[in-house]
Amino acid sequence: MIIAIGSDHAGFSLKEVLKKHLEEKGYQVNDKGTHDTNSCHYPVYAKAVCQSVLSGESEMGILVCGTGIGMSIAANKMKGIRAAALSDCFTAEATRMHNNANVLCLGERTVGPGLACKLADIFLETGFQGGRHQTRLDMITEMENE
Ligand code: RB5
C-alpha cells in the first residue's frame with residue numbers, strides 16, 4: 001500500500017518516526033514534506049497529501065501537526081477527503097469501519113511516538129464495513145456537490 005505523509009514544523013519529528021515505522025512494515029511512503037522544523041503553514045502539506053490521495057497516487061494519507069486538528073480542518077475542505085483527527089485506538093478502528101476515513105491526522109504535541117505508530121497500524125489495517133455506513137457517506141458526498 002502506498003501512503004502519502006505530510007506535516008508542518010510542529011509535526012515533523014513524529015512524521016519522521018511514522019515514515020520509518022511504515023517503511024519498515026513494507027509500506028511505500030510518499031513524503032510530501034515539510035523536511036525540517038522551520039516554521040511553515042500546515043494547509044500546504046494537507047493539500048499536497050490530499051491531492052496525492054484524490055489522484056490515486058497514494059491510497060491513504062497521514063498528516064501530522066501540533067494537535068492534528070488544523071490538518072484535519074484543512075484536509076476536510078477537499079472534496080472526497082474524509083480526514084479523522086484522533087488519539088485513541090477505538091476511534092482509529094471505528095473511523096475506518098464506519099467513516100471509510102482516508103486521511104489520518106495526528107498531533108505530535110498530543111500523542112507519543114509509540115501510540116502514534118499503533119494508531120497508524122490500526123488505521124491502515126482496518127477495512128470499511130459499507131452497508132448503512134456507505135448510505136451516510138453518500139449523503140456527505142451529496143453535501144459536497146450542493
Ligand atoms: C503550529 O504551532 C500549530 O498551530 C499547528 O501545528 C497545529 O497544531 C494547528 O492545528
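Order of appearance sets the numbers: ligands from 1, and atoms from 1 within every ligand. Residue numbers start at 1 and run along the sequence shown. Predicted model only: the values in this text are computed from it and were never measured.
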Glu16/Lys20 salt bridge by N-O under 4.0 Å criterion: no

Identity and separation of the nearest protein heavy atom to atom 2 (O) of ligand 1: Arg109 NH1, 3.4 Å

Protein residue, atom and distance nearest to atom 9 (C) of ligand 1, heavy-atom basis: Tyr42 CE2, 3.5 Å

Ligand 1 atoms in contact with Asp8 (distance to a heavy atom under 4.0 Å): 1 (C), 5 (C), 6 (O)

Atoms in ligand 1 with a heavy atom of Gly66 nearer than 4.0 Å: 5 (C), 6 (O), 7 (C), 8 (O)

Met71 heavy atom under 4.0 Å from ligand 1: no

Side chain, backbone, both or neither: the part of Thr67 lying under 4.0 Å from ligand 1 by heavy atom: both

Mode of Ala10 contact toward ligand 1 - side chain, backbone, both, neither (heavy atoms, under 4.0 Å): side chain

Side chains of Leu63 and Lys15 in contact at under 4.5 Å (non-hydrogen atoms): no

Smallest separation among heavy atoms of Phe12 and Thr34, with atom names: CD1-O, 3.5 Å

Thr126 versus Glu93, side-chain donor and acceptor atoms under 3.5 Å: no

Distance-only side-chain donor-acceptor flag, Thr135 / Asp138, under 3.5 Å: no

Within 6.0 Å of NE2 in His35, more than 12 heavy atoms from elsewhere: yes

Protein non-hydrogen atom below 4.0 angstrom of atom 4 (O) of ligand 1 present: no

Backbone or side-chain N or O of Gly70 under 3.5 Å from ligand 1 N or O: yes

Exam field: side chain Thr141 to backbone Leu137, donor-acceptor pair closer than 3.5 Å: yes

